[in-house]
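Input: a single structure, listed below in structure tokens.
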Amino acid sequence: MARFAPSEIEPKWQQAWEKAGTFTARREDDKPKYYVLEMFPYPSGRIHMGHVRNYTMGDVIARYKSSCGFSVLHPMGWDAFGMPAENAAMERGGHPREWTYSNIAVMRDQMKPLGLSIDWSREFATCDPDYYGQQQAMFIDMMEAGLVYRKNATVNWDPVDMTVLANEQVIEGKGWRSGAPVERRDLTQWFFRISDYAGELLEALGGLDNWPEKVKLMQRNWIGRSRGLQMAFSTIDAPEGFDRIEVYTTRPDTLLGASFIGISPDHPLARALEQDNAALAAFNAGCRRMGTSEEDLEKADKKGYDTGLRVRHPFDTAWELPIYVANFILMDYGTGAIFGCPAHDQRDLDFARKYGLPVLDTFVAQNNGQPVGNEAFVPPKSETVRWLRAYAWDEIATGEEAIEAAIRFCESNGVGQGVTRFRLRDWGLSRQRYWGCPIPVVHCGACGVVPEKKENLPIRLPDDVTFDRPGNPLDRHPTWRDCACPACGAPAKRETDTMDTFVDSSWYFARFTAPRAATPTTPDEAGYWMNVDQYIGGIEHAILHLLYSRFFARAMHKTGHLPAKAIEPFDALFTQGMVTHEIYQTRDAKGRPVYHLPEEVENGHLKATGEAVEIIPSAKMSKSKKNVVDPVNIISGYGADTARWFVLSDSPPERDVEWTAAGAEAAHKHLSRVWRLADGITQEFNEGGIAAYEAEGAGAATEGEDDLTLRRALHRTIHDVTMGIESFGFNTSVAKLYAFTNVLAKTKAGLAARREAIMTMAQLMAPMTPHLAEEIWEMLGGAGLVAESPWPRADPALLIEETVTLPIQINGKRRSELQVAPDMPKEEVEKLVLEDDAVRKALQGGAPKKLIVVPGRIVNVVI
RNA sequence: GCGGGUGUGGCGGAAUGGUAGACGCAGAGCAUUCAAAAUGCUCCGGCCUUUGGCCGUGGGGGUUCGAGUCCCCCCACCCGUACCA
């Protein structure tokens, strides 16, 4: 072979690995284990560059750890339940199951040529009855452990399609298909008691040392522990049963700045009042004609309705405050009622200005007594301020001090109680959809809600369903619901809600340890493989998926499915960025945008018609904008190693990466160059170089100056590439390998040194470009597979620099430099600095004000 | 709206508070070639009065002998916002 031919070598080495069982995870008790996991994909139909990037990063870690002597588990599966399969069935006919499994087959075929070191024998999809049956068994255990309950909750209701909508399906308050204004509706739903674990989930974040700070911070804020006062206002002339309105406030210190009470349109009082108040009923109905998403509620114009009712201020019974129904107060949060303090809350201030309510400053800045105008005064709680309306603390105090004093005062005067609350709400897992894991319970007229018997699991989804009309096909199936009550045997009805797909993805990592077991996990396998040592996925999962998984691991421990050590299932987490691309757009006759695939565009024009395209800056690759690059084209054109090398190059893994065709071309050129270098050394070796090689001493350290220089560069590269991989700096590892390639191409070193260098380089490249590495290793007579060879170690003696360049700054600006031994004592460096021409010129015979020497780094002369 | 993040040459990016721009792309020049492709070598932030100097890491301020890096304010973009996965 005289050229780099990925299409020949890649299948060859993939077969060799498969034959050798290189990637089969084995429990080896004499080796440390390492479990590396990338977030499993949703089987949307085709793999995209984001998958290639995510799985290549995981593969680098898996191959590297394997070389370092770990017994590695690196599995793959499919997050296979979810709405898109049902949408496809509605739009194109067919069945979600067929759509899903055929997508999985296509994507598996697209992934395999990447040469990932995955143990495919452990593969499963969450829609496999075997998987969701085990999930149902755990659900029953969790019911018995008191981790599950039912309550009413609000959903988006499409009154035309008569179906529940996901938040994503509500566009500007309207159903995405029907276009009808969405209503909010209450349904009885299943919940996990995640909020019981709020405190623990918060505390335990402190132990996750190898998680990104930003993720921990986002989770902390999401869980949202707050200390506040739960108290009641007594009402004046309110309907029967509403003499008190409970509110929760984190700012009881501003109680003397209260100017109104706000209640949710779904508050029991609001519902009672709307019975005989048509205007209020209309207002409430308006509020309910809005999606349920927090974003929509918060961004909507703040509106209120004055009920005409009033409450008395607890400190002054003569002081009356109006009760407003307000659209921005959610019944799900706290008590569904607040008191508004406009001076110190922007939202309350906007509301007060809109409805002409008083604004009472309770405190002002210490050095500036300006009253609040159109901007609320909200300093950090730790800041000292001057109080105008303090009631139990000093005039000068911080918010924190005032809050604690206020709670103590209120408690001792019978006005409410100090409580700790969490923002985190219980996890609603019910979905009124077909393509999900059926909730394994039965509704019996006599026994009520009863869990299914475990021997009847899995409760399978029926296959004979249609998607010709909206709604849940399980509800209208003629016979599926019919069953016998597991408790009394009488005829009963199955639950038709299925589970949120977040349930599926909250324990798949545990199932991978024993994917075919007859129980959800087994103690042996979970005990050996858990925890996940390195988890890799998108930042978009920072809160929900990762928090639910942390809860589930605790629930699985409580129900005996995971050992105690696994309650934090992910030891280390890495969040990678997205793959982006420019968007190419033209417009149709009506001026509407038409998008074009990158492969249809050349030099800013459509290849087919020559029409100029408008180029919109990079955005996340998405099918609708057609700014997607199909990795399959890259792999078939340049090979998997090129695709892998490119996604690892240039961009730091945590940042978004822009896909460019030029980048792929460059990656391919470089790999060809490395191949040619190896080929050249091989030729030299085979064509009579052997004698010279032996004369130099096979592989031993040689004495020539060039040999030593090459070896120093090699060991520096071993060190730098290893550090890069260890710290997820794959782009810098790649850059160091580029630099070393340049050194190797130019060196005059002997054959033995060059052979050693290229073979070590093959080992260093193996996690990134495994096929090319095997090929080079084989060409040069390496023993066995490079994938099974031990990771090279840098010789510390070769890493020590003989001299360093010490820049000399004068007043912080670089003016000169010095070549010195890295360990030269400070005093000697100072002496040399003062003798430097530039320094002498600047000093003009005087002495420097200050002379800063940072050994081995820099010198700064301050004049 | 709220929470979190990102911002450095024409482009992707590098840089424990210590020489800003490593490495790569694009571009320019040269070699090789009948020619081209491929390959190899050299140059490559801006400005100026060019053996030197000034400016420069989204904008504005600050801390420091020294700031891309730390602190404050602002702008733009990205992620999440509990039924997208």
Side-chain angles (χ1 to χ4, degrees), chain A residues 39 41-42 44 79 81-84 153 155-156 164-170 189 194 212-215 217-222 224 291-300 302 328 332 346-347 350 423-433 500-502 504-505 538-545 547-548 575 577-578 580 617-620 649-652 654-658 660 662-663 665-667 669-670 672-673 676 729 731-732 734-739 741-742 745-746 805-809 811-815 817 848-852 854 856-863:
Chain A
M39 289 178 187
Y42 179 79
S44 55
D79 188 12
F81 275 137
M83 286 199 312
V155 295
N156 301 309
V164 177
L165 297 178
N167 285 338
E168 185 190 52
Q169 298 171 317
V170 178
Q189 311 255 305
I194 189 173
E213 281 305 322
K214 63 182 169 189
V215 174
L217 189 54
M218 281 189 258
Q219 291 210 356
R220 275 190 193 106
N221 291 337
W222 184 261
T292 57
S293 85
E294 190 199 22
E295 185 188 358
D296 287 347
L297 292 174
E298 287 285 339
K299 278 188 181 166
K302 309 296 178 278
F328 57 88
D332 289 346
Q346 192 59 47
R347 196 171 59 181
D350 295 341
R423 202 184 79 100
L424 179 67
R425 309 198 299 259
D426 275 333
W427 172 8
L429 68 113
S430 286
R431 296 294 181 270
Q432 292 70 42
R433 280 187 252 286
D500 178 9
T501 57
F502 274 123
D504 313 336
S505 56
I539 186 69
E540 67 271 23
H541 296 293
I543 296 174
L544 294 181
H545 163 61
L547 192 62
Y548 290 155
T575 54
M578 299 172 302
T580 62
S618 271
K620 177 172 158 179
S649 306
D650 295 346
S651 245
E654 68 276 13
R655 221 185 290 175
D656 296 348
V657 65
E658 165 80 4
T660 61
E665 178 70 31
K669 277 186 187 174
H670 177 73
S672 301
R673 186 180 182 216
R676 279 197 308 276
N731 55 323
T732 57
V734 166
K736 300 294 181 185
L737 285 163
Y738 266 107
T741 308
N742 291 336
K746 285 175 193 164
T805 303
L806 219 50
I808 299 175
Q809 295 183 334
N811 288 339
K813 287 188 190 287
R814 188 185 169 284
R815 285 293 181 262
E817 63 183 37
K849 247 189 234 166
K850 214 169 179 182
L851 186 54
I852 293 149
V854 184
R857 302 291 329 198
I858 204 164
V859 177
N860 194 2
V861 186
V862 186
I863 294 170

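Only this structure's heavy atoms are used, side chains among them; waters, hydrogens and symmetry mates stay out. Residue numbers begin at 1 in each chain, while the letters A, B, ... track the order of the sequences.
You'll find a donor-acceptor pair under 3.5 Å spanning the side chain of Gln432(A) and the base of rC83(B), going by distance alone. Side chain Gln346(A) to base rC2(B): no donor-acceptor pair is found below 3.5 Å. Residue Asn167(A) places no side-chain atom within donor-acceptor reach of the base of rC83(B), judged by atom type and a 3.5 Å distance cut-off alone. Not a single donor-acceptor contact under 3.5 angstrom links the side-chain atoms of Asp650(A) to the base of rG13(B).
Under the 90° criterion around 0 for the glycosidic angle, rG46(B) counts as anti.
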Secondary structure string for RNA chain B (Watson-Crick or G-U under 3.5 angstrom, | for other-strand pairs): (((((((..(((.....[....))).(((((.......))))).((((...))))..(((((..]....))))))))))))....
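For rG7(B), one of the phosphate oxygens OP1 or OP2 lies less than 4.0 angstrom from a side-chain nitrogen or oxygen of Arg655(A).
Atoms CD (Glu654(A)) and P (rG13(B)) sit 11 Å apart, rounded to a whole Å. Distance Gln219(A) CD to rC79(B) C1': 14 Å, rounded to the nearest Å. Computed from coordinates, the Lys214(A) NZ to rC79(B) P distance equals 13 Å when rounded to whole Å. Between the CZ atom of Arg814(A) and the C1' atom of rU19(B) there is a distance of 5 Å, given to the nearest Å.
Thr741(A) has its side chain within reach of Arg673(A): a pair of non-hydrogen atoms, C-beta onward, lies under 4.5 Å apart. Side-chain contact between Arg431(A) and Met83(A) is absent, with no heavy atoms from C-beta onward closer than 4.5 Å. Side chains of Arg815(A) and Val861(A) form no contact here, defined as non-hydrogen atoms less than 4.5 Å apart.
The structure places CD1 of Ile863(A) at 5.5 Å from CG of Asn811(A), a figure rounded to the nearest 0.5 Å.
With distances taken from any side-chain atom of Arg857(A) to the nucleotides rA22(B), rU19(B), rA82(B), the minimum falls on rU19(B). Comparing rA85(B), rG18(B), rG4(B) by their nearest atom to the side chain of Ile852(A) picks out rG18(B). Checking rA82(B), rU39(B), rG13(B) against every side-chain atom of Lys669(A), the shortest atom distance belongs to rU39(B).
Using cut-offs of 30° and 60° for the angle between ring planes, the His545(A) and Phe502(A) rings count as parallel.
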